[in-house]
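One structure is given here, and the rest of the page talks about it.
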Amino acid sequence: MEFEVTHPFHPWRGQRFVLSTRKQNWGEDRVMSYDADGRLRSLLASWTDVDEPDVFIQIAAGRSFVRPDDLATLAALIEQIERSHGG
């Protein structure tokens with residue numbers, strides 16, 4: 001199975017790689033492949049087309065790079081930080 005790097009700012013965008021394995025590393029869903037020099041490389045699975053496209057990403061059609069649930073998570077994190085610093 002192959003995958004393509006789809007992240008808009010990644011230098012490998014548009015390149016295809018043979019999927020070696022997929023697993024959780026550092027708490028993240030990652031895909032692994034070997035580069036031309038035989039080194040194992042890993043990328044976030046969400047930066048590739050290994051899964052079906054996210055419905056929000058399809059509808060946004062390149063107009064938004066942030067999903068609403070990611071913004072909600074960020075807002076909750078900011079609120080938590082503010083509370084812990086007396087803000």
Side-chain angles (χ1 to χ4, degrees):
M1 176 181 183
E2 290 188 347
F3 65 89
E4 181 177 330
V5 178
T6 58
H7 189 282
F9 305 117
H10 197 284
W12 296 342
R13 182 178 185 191
Q15 293 185 40
R16 297 197 64 76
F17 298 92
V18 175
L19 179 65
S20 174
T21 189
R22 180 179 183 173
K23 61 183 177 178
Q24 292 285 318
N25 272 1
W26 309 296
E28 300 171 328
D29 183 19
R30 302 187 74 86
V31 293
M32 283 98 178
S33 65
Y34 289 94
D35 67 13
D37 296 322
R39 292 178 295 210
L40 187 63
R41 301 291 187 170
S42 78
L43 288 168
L44 287 171
S46 62
W47 291 0
T48 72
D49 68 351
V50 73
D51 287 326
E52 291 294 318
D54 182 278
V55 174
F56 176 78
I57 300 297
Q58 288 178 328
I59 293 170
R63 295 182 299 263
S64 177
F65 295 110
V66 183
R67 299 176 306 157
D69 50 335
D70 292 334
L71 286 175
T73 301
L74 177 60
L77 178 61
I78 290 170
E79 184 178 320
Q80 179 183 6
I81 291 169
E82 287 176 341
R83 278 195 313 262
S84 71
H85 288 90

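Just so it is clear, the structure is predicted and the values come from calculations on it, not from any experiment.
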### Query
Judged by atom type as modelled, is there a donor-acceptor pair below 3.5 Å linking the side chain of Asp35 to the main-chain atoms of Asp37?
yes

#### Entry: Whether Trp12 and His10 hold their rings parallel, tilted or perpendicular, with breakpoints at 30° and 60°
tilted

### Task
State, with a plain yes or no, whether a side-chain heavy atom of Thr48 is found less than 4.5 Å away from one of Arg22.
no

### Message
Does atom CD (Gln15) have a neighbourhood of more than 12 heavy atoms from anything else shown, all under 6.0 Å?
### Response
yes

### Query
Looking only at heavy atoms, what is the nearest atom pair of Ser33 and Ser20, with distance?
CA-CB, 3.9 Å

### Task
Starting from the C-alpha separation in whole Å, work towards a yes-or-no answer on side chain to side chain contact (heavy atoms under 4.5 Å, CB included) for Leu43 and Phe3.
CA-CA 11 Å; Leu43 288 168; Phe3 65 89; 4.2 Å; yes

### Query
Just by modelled atom types, is the Ala45 backbone N or O under 3.5 Å from a matching donor or acceptor in the Asp29 side chain?
no

### Message
Looking at every heavy atom in both Leu19 and Thr21, which two are closest together, and how far apart are they?
### Response
CD1-O, 3.3 Å

### Message
Under the criterion side chain to side chain contact (heavy atoms under 4.5 Å, CB included), I'd like the reasoning laid out for Arg16 against Asp49: C-alpha separation, chi angles, the key distance, then a yes or no.
### Response
CA-CA 10 Å; Arg16 297 197 64 76; Asp49 68 351; 3.6 Å; yes

### Query
How long is the span from the CG atom in Leu77 to the CD atom in Glu82, to the nearest 0.5 Å?
10.0 Å

### Query
Are Phe17 and Val5 side-chain neighbours, meaning at least one heavy-atom pair lies under 4.5 Å?
yes

### Query
So how far is it from Ile81 CD1 to Arg83 CZ, rounded to the nearest 0.5 Å?
10.5 Å

#### Entry: Shared hydrophobic cluster for Trp47 and Met1 (ILVMFWY, side-chain gaps under 4.5 Å)
yes

#### Entry: Closest contact, heavy atoms only, Met32 versus Ser42
CG-CB, 3.7 Å

### Task
May I ask you to test the Val50-Arg30 pair for a side-chain heavy-atom distance under 4.5 Å?
no

### Nearest-0.5 Å distance, CG of residue Leu44 to CD of residue Glu28
4.5 Å

